[in-house]
Amino acid sequence: MSKSNLVPSDGYQELLEGLKDRIRSSQMRAAISVNQELILLYWQIGQEILIRQEQQGWGAKVITQLSKDLAQEFPEMKGFSTRNLKYMRTFANAYPDLEIGQQPVAQIPWGHNCVLLDKVQEPSERLWYARKCLKNGWSRAVLTAQIESGLYLQKRGTATTNFDRTLPQSQSDLAHEIIKDPYHLDFLLVDENIRHQDLKRALMAHIRDFLVELGVGFAFAGKNYRIEIGGEEFVLDLLFYHLELRCFVIIELKMDEFKPDYSGRMNLFISAIDDQVRKPGDQPTIGLILCKSKNKTVAEYATRNLRNPIAVAEHRLPKLLPTTEQLELELENAAQQLEASEDTEA
């Protein structure tokens with residue numbers, strides 16, 4: 001008898017998909033539960049070591065002996081190395097609260113906690129990164145990169161966006177995280193009067209530095225990206241793909257203050273990329289307009305009712321040191337002013 005005859009067609013696929021989702025959800029809860037039990041165990045071991053060392057004056061050698069004895073008793077467990085026991089002690093010392101099981105650090109993998117203990121000193125900053133790991137599903141490598149890029153200290157959330165109205169909640173939250181304001185282009189040897197094309201050429205010459213400033217997850221896709229719309233050719237300044245968001249990101253560079261028509265042009269580009277370049281499985285394309293300055297209210301009104309996700313942020317260019325001629329001119333002017341001042345007093 002064929003499979004088609006054994007399986008009822010009415011509602012079976014819906015049942016199967018529902019059971020698959022339930023099983024996956026159960027597996028996820030079980031994995032989280034096991035992880036929480038492991039973290040709690042490590043915290044308790046760390047607490048016991050701390051108490052003995054503080055109250056009974058045990059030295060560091062006891063950790064080495066404890067490692068040997070525990071490893072001998074539980075050979076199937078790999079977490080009782082001397083190094084790991086020291087991490088447990090540090091972990092317990094960092095989180096003395098007995099409600100450790102309720103904190104986000106109890107819900108992320110132990111390796112993530114070791115990274116936080118190694119690289120982050122401030123408790124509130126550690127908890128902030130732990131929450132981000134939970135929220136965004138960061139791997140240990142991504143967590144390390146985010147810490148090393150100074151994500152916690154960067155000024156985020158000040159860019160003007162319409163993400164809350166144009167993206168699903170989970171995508172919107174992560175998109176807000178990747179957008180900074182302002183972007184510091186200190187690695188460029190240019191001044192504020194640089195032309196638009198010159199700025200693009202300078203960025204291309206320092207594309208690695210620009211990628212670092214953009215943040216973790218950006219992959220370069222092309223500059224002066226040409227796209228045809230209704231028989232007309234248009235040129236996008238820069239096109240990237242974000243590996244975490246799984247979407248294209250268009251960046252338009254402007255050397256002046258934000259103008260409302262910039263958002264309309266970006267909206268056009270996003271629609272075209274979504275129709276012509278975006279692949280099945282890709283999330284909606286995001287547009288980022290980088291300007292010398294912006295009026296926040298104007299930017300909000302200009303992007304509010306657009307259907308595509310757009311952010312408006314500012315860029316900062318370095319101020320070059322004055323040339324020798326400029327210094328000599330300034331000194332000459334200062335001397336003349338001083339001389340004039342002395343004549344007036346006389």
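Contact annotation: the side chain of D209 never approaches that of L185 to less than 4.5 Å [non-hydrogen atoms, C-beta and beyond]. Side chains of F220 and L238 form a contact here, defined as non-hydrogen atoms less than 4.5 Å apart. In this structure the side chain of Y95 reaches within 4.5 angstrom of the side chain of L127, judged on heavy atoms. P284 places a side-chain heavy atom less than 4.5 Å from the side chain of L167. Side chains of L290 and E252 form no contact here, defined as non-hydrogen atoms less than 4.5 Å apart. With a 4.5 Å cut-off on side-chain heavy atoms, Y183 and L288 count as touching. Taking 4.5 Å as the limit, some side-chain heavy atom of F91 sits within range of a side-chain heavy atom of I39. Side-chain contact between I178 and E244: absent, with no pair of heavy atoms (C-beta onward) separated by less than 4.5 Å.
Nearest heavy atoms, N162 versus T166: O-OG1, 2.9 Å. Nearest heavy-atom pair across A94 and L117 is CB-CD2, 3.9 Å. Across all their heavy atoms, P109 and N35 have their closest contact at CA-OD1, 3.5 Å. Summarising the geometry of A299 relative to F258, their closest heavy-atom pair is CA-CE2, 3.6 Å, with the distance given to 0.1 Å. Of all heavy-atom pairs spanning P104 and A130, the tightest one is CB-CB, 4.1 Å. Closest approach of A92 and G46 over heavy atoms only: CB-C, 3.5 Å.
Residues L243 and L211 fall into different hydrophobic clusters, defined by Ile, Leu, Val, Met, Phe, Trp and Tyr side chains chained together at heavy-atom separations under 4.5 Å. Hydrophobic clustering (side-chain heavy atoms under 4.5 Å, transitive across Ile, Leu, Val, Met, Phe, Trp, Tyr) keeps M266 apart from F163. A chain of hydrophobic side-chain contacts below 4.5 Å, direct or via other Ile, Leu, Val, Met, Phe, Trp or Tyr residues, connects I179 to I251.
Under the 30°/60° scheme for interplanar angles, the aromatic rings of F248 and Y241 are found to stand perpendicular. Between H242 and F218, the angle of the ring planes goes over 60°, which puts this pair in the perpendicular group of the 30/60° scheme.
Within 6.0 Å of CD on Q276 lie more than 12 heavy atoms contributed by other residues, nucleotides or ligands. Within 6.0 Å of CZ in R140 there are 12 or fewer heavy atoms belonging to other residues, nucleotides or ligands. Within 6.0 Å of atom NZ in K86, 12 or fewer heavy atoms from other residues, nucleotides or ligands are found, so the atom counts as exposed in its surroundings. Within a 6.0 Å sphere centred on CZ of F234, other residues, nucleotides and ligands contribute more than 12 heavy atoms. Residue Y225 places its OH atom among 12 or fewer non-hydrogen atoms of other residues, nucleotides or ligands, all under 6.0 Å distant. Taking a 6.0 Å sphere around NZ of K259, one finds it holds more than 12 heavy atoms contributed by other residues, nucleotides or ligands. Residue R165 places its CZ atom among more than 12 non-hydrogen atoms of other residues, nucleotides or ligands, all under 6.0 Å distant.
At least one test fails for R89 against the ring of Y42: distance under 6.0 Å to the centre or angle within 45° of the axis.
A salt bridge links R52 with E48; the closest basic N to acidic carboxylate O contact falls under 4.0 Å. Salt bridge D237/K223: absent, no basic N to carboxylate O contact under 4.0 Å. Under 4.0 Å is where a charged nitrogen must lie from a carboxylate oxygen, and between D198 and R201 at least one such pair does. Under the 4.0 Å criterion applied to side-chain N and carboxylate O atoms, E148 and K119 are assigned as salt-bridge partners.
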Apply side-chain hydrogen bond (donor to acceptor under 3.5 Å, both in side chains) to D118 and Y87, showing your working.
CA-CA 9 Å; D118 280 339; Y87 269 122; 2.5 Å; yes
Pair N308, T285 - check side-chain hydrogen bond (donor to acceptor under 3.5 Å, both in side chains), show working.
CA-CA 8 Å; N308 290 316; T285 301; over 6 Å; no
Test side-chain hydrogen bond (donor to acceptor under 3.5 Å, both in side chains) on K200 and N224; report intermediate values, then the result.
CA-CA 9 Å; K200 281 201 294 183; N224 295 328; 2.5 Å; yes
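Under 3.5 Å, the side chains of Y262 and D256 contain a donor-acceptor pair of N or O atoms.
A donor-acceptor contact shorter than 3.5 Å links the side chain of H112 to the backbone of W138.
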